[in-house]
*Asks:* 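Here's a structure for you.
Every number for a ligand or one of its atoms is a count from 1 in the order of the listing.
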Amino acid sequence: MTKAAESLELSINNGTDRSLDRDCTTLSRHVLQQLQSFSPSSQDLSALMNRIGLAGKLVARRLSRAGLMEGVLGFTGETNVQGESVKKMDVYANDVFISVFKQSGLVCRLASEEMEDVYYIPENCPIGRYTLLYDPIDGSSNTDTNLSLGSIFAIRQQEGDDLNHEALDLLAPGRKQIAAGYILYGPSTMLVYTIGKGVHSFVLDPSLGEFILCEENIQIPNHGSVYSVNEGNFWQWDESIREYVRYVHRTQGYSARYSGAMVSDIHRVLLQGGVFLYPGTLQQPEGKLRLLYESAPLAYVIEQAGGRATTGHMDILDVVAKKLHQRTPLIIGSKQDVAKVESFIQNGH
Ligand code: AHM
Ligand code: MG
């Protein structure tokens with residue numbers, strides 16, 4: 001073989017190796033690579049992420065056939081602890097996470113948007129030392145119209161002994177989260193996670209049934225042109241937020257994007273920069289979003305990518321919750337854009 005042919009073959013093989021290596025970088029393998037260890041706690045974290053991936057696959061599978069199956073879409077007729085009408089998909093996705101984790105031996109309790117109280121793993125099942133906090137379906141109002149949806153998750157280590165079933169450690173600031181992320185059910189299903197070592201995205205390859213690495217160490221741009229907020233609430237906001245929105249209206253270079261599912265809005269902000277806001281309103285001074293399983297996990301992801309998340313007065317990750325389903329105003333995204341909103345809240349300009 002000539003030297004040129006040899007080097008061609010070598011480069012083809014290298015290319016094949018690289019693409020094969022990437023195809024084999026599944027979620028659980030990636031977690032172990034990140035931790036550079038096979039210790040029991042690393043294995044646990046890898047297994048936890050793998051289970052979250054399984055829950056995501058089950059939800060994605062049902063969503064992909066929702067219009068063809070009976071009993072998937074629409075409301076159940078029930079109202080959840082938040083006073084919101086429950087959709088059948090909310091219930092299904094909530095149960096998926098319970099089923100996936102019940103026999104896993106990884107978690108001791110789960111808490112979600114759809115359950116009034118913490119769910120304790122029954123005593124006849126293996127009990128682990130982690131807690132999963134999750135929003136099974138984020139953006140529920142998009143469910144029946146085949147638009148993007150998400151699931152949000154955070155993992156915390158159990159601390160304390162839950163005397164009288166009071167999971168007080170769950171109320172600790174978001175900096176205590178050991179892993180967090182989201183699954184985005186869009187044209188493809190993506191999973192984005194952090195364990196405090198950067199932010200990484202995976203795409204579900206339906207032919208393999210695996211989440212395969214898409215992008216490592218995602219960095220959010222310092223500034224972006226998108227502002228993402230429900231302007232239907234304009235007259236419900238504090239004057240400072242109205243002033244900020246008037247400012248973007250009269251300043252060239254801003255674009256509005258709002259999908260109704262913050263996982264997809266924040267995913268766009270993560271990749272392209274900008275800011276997502278859900279401020280307090282007259283009716284709900286703390287806004288709509290829940291701290292422990294919506295705002296804090298997404299804040300962890302965005303901070304890890306070099307962005308910021310605040311209530312307008314303090315970092316989301318420093319907020320101590322008073323109750324499980326506590327709401328909080330949220331301003332999250334690129335550093336510069338978050339600072340701009342903050343300056344309106346704190347200084348009025
Ligand atoms: P949900 O988890 O009950 O769907 O509520 C959270 C969602 C966010 O994804 C989204 O940004 C927001 O609620 C939309 O609410 P609104 O219709 O008030 O703008
Ligand atoms: Mg939600």
*Asks:* As an exercise, identify every atom of ligand 1 less than 4.0 angstrom from a heavy atom of Ile137.
*Replies:* 2 (O)
*Asks:* Side chains of Tyr185 and Ser151 only: does a donor on one sit below 3.5 Å from an acceptor on the other?
*Replies:* yes
*Asks:* If we only count N/O pairs under 3.5 Å, is Glu113 in contact with ligand 1?
*Replies:* yes
*Asks:* Would you compute the distance between atom CG of Leu292 and atom CG of Leu133 and round it to the nearest 0.5 angstrom?
*Replies:* 6.0 Å
*Asks:* Please name the pair of heavy atoms, one in Gly71 and one in Arg62, separated by the smallest distance, quoted to 0.1 Å.
*Replies:* O-NH2, 3.9 Å
*Asks:* Considering Arg290, Lys87, Lys288, Glu231, which one's heavy-atom position lies nearest to atom 15 (O) of ligand 1?
*Replies:* Lys288
*Asks:* Is it the case that the side chains of Ser264 and Ser259 hold a donor-acceptor pair, with the cut-off being a distance below 3.5 Å and no angle test?
*Replies:* yes
*Asks:* Which atoms from ligand 1 have a heavy atom of Asp138 less than 4.0 Å away?
*Replies:* 2 (O), 4 (O), 6 (C), 7 (C), 8 (C), 9 (O)
*Asks:* Show the atoms of ligand 1 that are less than 4.0 angstrom away from any heavy atom in Gly139.
*Replies:* 1 (P), 2 (O), 4 (O), 9 (O)
*Asks:* Looking at Lys102 and Asp95, does any basic side-chain N land under 4.0 Å from a carboxylate oxygen?
*Replies:* no
*Asks:* With heavy-atom distances below 4.0 Å as the criterion, list the atoms of ligand 1 near Ser140.
*Replies:* 4 (O)
*Asks:* Any salt bridge between Arg308 and Glu342, counting N to O under 4.0 Å?
*Replies:* yes
*Asks:* With atoms numbered from 1 as shown, which atoms in ligand 1 lie under 4.0 angstrom from a non-hydrogen atom of Asn230?
*Replies:* 16 (P), 17 (O), 18 (O), 19 (O)
*Asks:* Report the part of Phe276 (side chain from C-beta onward, or backbone N, CA, C, O) that has a heavy atom under 4.0 Å from ligand 1; answer both or neither where that applies.
*Replies:* side chain
*Asks:* For ligand 1, which atoms, with element, lie under 4.0 Å from some heavy atom of Ala261?
*Replies:* 9 (O)
*Asks:* Ligand 1 and Asp265, any nitrogen or oxygen pair closer than 3.5 angstrom?
*Replies:* no
*Asks:* When you compare ligand 1 with Tyr278, is there at least one nitrogen or oxygen pair between them that comes in under 3.5 angstrom?
*Replies:* yes
*Asks:* Parallel, tilted or perpendicular, judged at 30° and 60°: which one describes the rings of His200 and Tyr193?
*Replies:* tilted
*Asks:* Out of Met262, Glu84, Glu294, Gln284, whose heavy atom sits nearest atom 9 (O) of ligand 1?
*Replies:* Met262
*Asks:* Can Glu239 and Arg246 be counted as an ion pair, charged N to O under 4.0 angstrom?
*Replies:* yes
